[in-house]
Amino acid sequence: QVQLVESGGGLVQAGGSLRLSCAASGSISSIGSMAWYRQAPGKQREYVALIGSSGTTNYAASVKGRFTISRDNAKNTVYLPMNSLPPQDTAVYYCTTVINRGAYWGQGTHVPVSS
């Protein structure tokens with residue numbers, strides 16, 4: 001059974017920083033693109049950032065310049081360092097990864113940003 005587990009979330013003061021991690025485990029034959037999404041209270045889930053298997057990155061306009069997505073293929077892990085967090089970044093952050101040519105989602109990690 002393939003599993004994705006996010007970690008690193010927690011309460012942070014406005015203007016502060018956190019680094020999220022998402023580790024994949026289980027029966028993994030291949031891992032392709034890895035991405036982060038988030039869902040703020042009362043809102044729909046939205047795209048945050050993506051990193052392709054080749055290392056190419058892409059960001060939503062709302063986080064560009066503040067967030068950085070990276071991956072460690074040896075650890076089957078994707079990271080999301082987040083800087084200069086405003087209260088508007090408060091959300092549950094989810095990772096999603098193409099594993100064995102199918103999409104999998106983690107359970108989410110909550111990032112509350114206090115004002």
For Gln39, the side-chain contact (heavy atoms from CB on, under 4.5 Å) test, sequence neighbours excluded, returns Arg45, Tyr94
The complete set of disulfide bond (SG atoms under 2.5 Å apart) pairs with one or both residues in residues 44-84, sequence neighbours excluded, reads none
Taken in chain and number order and not counting sequence neighbours, the residues that satisfy side-chain contact (heavy atoms from CB on, under 4.5 Å) with Gln13 are Ser114
Closest non-hydrogen atoms of Ala14 and Ser115, given as atom of the first, atom of the second and distance, are CB-CA, 4.3 Å
Quick note, salt bridge (charged side-chain N to carboxylate O under 4.0 Å, His left out) partners involving residues 74-84, not counting sequence neighbours, are none
### Side-chain (Asn100) to main-chain (Ser29) donor-acceptor, under 3.5 angstrom
yes
Minimal heavy-atom distance between Val92 and His110, with the atoms involved, is CG2-ND1, 3.8 Å
Contacts satisfying salt bridge (charged side-chain N to carboxylate O under 4.0 Å, His left out) that involve residues 77-89 (not counting sequence neighbours) are Arg38-Asp89, Arg66-Asp89
Sorted by chain and number, sequence neighbours left out, side-chain contact (heavy atoms from CB on, under 4.5 Å) with Ser17 holds for Asn83
For Gly52 and Ser33 the tightest heavy-atom approach is CA-OG, 3.8 Å
Residues pairing under disulfide bond (SG atoms under 2.5 Å apart) where one sits in residues 60-115, two or more places apart or in two chains, turn out to be Cys22-Cys95
Taking every heavy atom of Thr56 against every heavy atom of Ser54, the minimum-distance pair comes out as OG1-OG, 3.3 Å
Between the CG atom in Asn58 and the NZ atom in Lys64, the distance rounded to the nearest 0.5 Å is 7.5 Å
The remaining residues in the hydrophobic cluster of Tyr79, counting side-chain heavy-atom contacts under 4.5 Å among Ile, Leu, Val, Met, Phe, Trp and Tyr, are none
Using a 4.5 Å side-chain heavy-atom cut-off and chaining through intermediate ILVMFWY residues, the residues clustered with Leu20 come out as Val2, Leu4, Val12, Leu18, Ile28, Ile31, Met34, Trp36, Val48, Ile51, Tyr59, Val63, Phe67, Ile69, Val78, Leu80, Met82, Leu85, Tyr93, Ile99, Tyr104, Val111, Val113
For residues 27-57, the disulfide bond (SG atoms under 2.5 Å apart) pairs (sequence neighbours left out) are none
So the salt bridge (charged side-chain N to carboxylate O under 4.0 Å, His left out) pairs with at least one residue in residues 104-115 (sequence neighbours excluded) are none
### Task
Look at the side chain of Arg101 and the backbone N and O of Ser30, then say whether any donor-acceptor pair between them is shorter than 3.5 Å.
no
Students should find that the hydrophobic cluster of Leu11, defined by side-chain heavy atoms under 4.5 Å apart, otherwise consists of none
